[in-house]
Amino acid sequence: MLHRLAAEFIGTLWLVLGGCGSAVFAAKFVNADGASLGIGFLGVAFAFGLTVLTGVYAFGTISGGHFNPAVTLGAALARRVEWKALPPYWITQVIGGVAAGLIIYVIAKGQEGWTATGNMAANGYGAHSPGGYSLWAVLIAEVVLTGIFMLVILGSTDDRAPKGFAGLSIGLTLTLIHLISIPISNTSVNPARSTGVAFFNGDGAPAQLWAFWLAPLVGAALAGVAYPYLFGRREELADRPVRDDALGDARGDSPAT
């Protein structure tokens, strides 16, 4: 468990540092000549996707590569991880997110005139939403997108899925999620990511943090419960699964029989 928690800590730190750090330092960068060199929404979306892609490949075999309390809950409901792992995973993920937020804050303070208030890539609704979206719009987006994210994770790591591609599909899915929802809520789908920067950001973010715990947890829980019913478990493989050798393994014979 110590090794698993170390992987979750580093992976969550990397996710928040890479994703939120790119938003804080690079999204709107303007050089001394006044030219905009910022990466914008597209760059931030890819940054989040790349952190998960690299984190899953680096640490997925150790801890499962969750880096997200909602993913851990969904995985537990889908029987992909034991329930006793949930509390230590959650605590470690939040600590990793806050540690990344602190690193971003300390580095950003090195720029003269910079202030953290409203500038830490926090999530929000209403006046704190980048596009001014309402609470209900944000909740719906976060529930739906987290649910889809969880379904992709469960499908990509299913025994029937092609091996070695889970990190790629999960990372690209998170990129797409950010392309959709940065204007809506600044994209959470991850309570640890939201918590990691909220208290440094201030400006209403801590008071709205409940929404970015509730909605992702609900979305992931729905997906975790639904996945086995929608697509079956390993012992309930379809007649023609994605991987024929998985069918052979489930029957206890060779793929050719």
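Residues Phe46 and Val52 fall into different hydrophobic clusters, defined by Ile, Leu, Val, Met, Phe, Trp and Tyr side chains chained together at heavy-atom separations under 4.5 Å. When the side chains of ILVMFWY residues are joined at heavy-atom separations under 4.5 Å, either directly or via intervening members, Phe212 and Leu139 end up in a single hydrophobic cluster. Using a 4.5 Å cut-off between side-chain heavy atoms of Ile, Leu, Val, Met, Phe, Trp and Tyr, with links allowed through other members, Leu86 and Phe67 fall into the same hydrophobic cluster. No continuous path of hydrophobic side-chain contacts links Phe9 to Trp14 [ILVMFWY only; heavy atoms under 4.5 Å]. Note on Val106: it clusters hydrophobically with Met120, by side-chain heavy-atom contacts below 4.5 Å among ILVMFWY residues.
Using cut-offs of 30° and 60° for the angle between ring planes, the Trp90 and Trp213 rings count as perpendicular.
In this structure, the side chain of Ser156 does not engage the main chain of Ile153 through any donor-acceptor pair within 3.5 Å. Asn201 places no side-chain N or O within donor-acceptor distance of the main-chain N or O of Val197, the cut-off being under 3.5 Å. Panel note: side chain Thr146, backbone Val143; no donor-acceptor pair is recorded below 3.5 Å. Of the possible donor and acceptor atoms, none in the side chain of His128 sits under 3.5 Å from a partner among the backbone N and O of Ala205. Under the 3.5 Å distance criterion, the side-chain polar atoms of Ser169 are matched with a main-chain donor or acceptor of Ala166. Of the possible donor and acceptor atoms, none in the side chain of Ser181 sits under 3.5 Å from a partner among the backbone N and O of Ile184. Within the 3.5 Å criterion, the main-chain N or O of Thr12 finds no donor-acceptor partner in the side chain of Gln93. When atom types are taken as modelled, the side chain of Asn68 and the backbone of Val189 share a donor-acceptor pair closer than 3.5 angstrom.
Ala121 approaches Ala23 most closely through the heavy-atom pair CB-CB, 3.8 Å. Pro216 approaches Ala211 most closely through the heavy-atom pair CD-O, 3.8 Å. Residues Val56 and Gly167 come closest through the heavy atom pair CG1-CA, 3.7 Å. Of all non-hydrogen atoms in Ala70 and Met150, the two that sit nearest each other are O-SD, 4.2 Å. The two residues Asn123 and Gln208 have their closest heavy-atom pair at O-OE1, 4.4 Å. Contact record, Asn190 with Pro69: OD1-CD, 3.5 Å, taken as the closest heavy-atom pair.
Annotation: Tyr57, atom OH; neighbour count of heavy atoms from other residues, nucleotides and ligands within 6.0 Å is above 12.
A distance of 11.5 Å separates CG of Leu53 from CG of Leu15, quoted to the nearest 0.5 Å. A distance of 6.0 Å separates OH of Tyr89 from CE of Met1, quoted to the nearest 0.5 Å. In this structure, the separation between CD1 on Ile140 and CG on Leu145 is 11.0 Å, given to the nearest 0.5 Å. Put simply, OG1 on Thr115 and NZ on Lys109 are 6.0 Å apart, with the number rounded to the nearest 0.5 Å.
Counting heavy atoms from C-beta outward, Asp158 and Arg80 have side chains that approach closer than 4.5 Å. Side-chain contact between Trp83 and Leu77: present, with at least one pair of heavy atoms (C-beta onward) separated by less than 4.5 Å. Counting heavy atoms from C-beta on, the side chains of Thr187 and Val44 never come closer than 4.5 Å. Put simply, the side chain of Ile170 reaches to within 4.5 Å of the side chain of Phe149, judged on heavy atoms. With contacts defined as side-chain heavy-atom distances shorter than 4.5 Å, the pair Val24/Phe200 does not qualify. Using a 4.5 Å cut-off on side-chain heavy atoms (C-beta onward), Ile107 and Phe25 make contact.
In this structure, Arg193 is not positioned above the aromatic face of Phe48 in the sense of NZ or CZ being under 6.0 Å from the six-membered ring centre and within 45° of the axis.
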* Take Leu176 and Leu172, measure what side chain to side chain contact (heavy atoms under 4.5 Å, CB included) needs, and give me the verdict at the end. => CA-CA 6 Å; Leu176 178 56; Leu172 289 176; over 6 Å; no
* Step by step, would you call Leu179 with Phe41 a side chain to side chain contact (heavy atoms under 4.5 Å, CB included)? -> CA-CA 7 Å; Leu179 290 174; Phe41 284 176; 5.7 Å; no
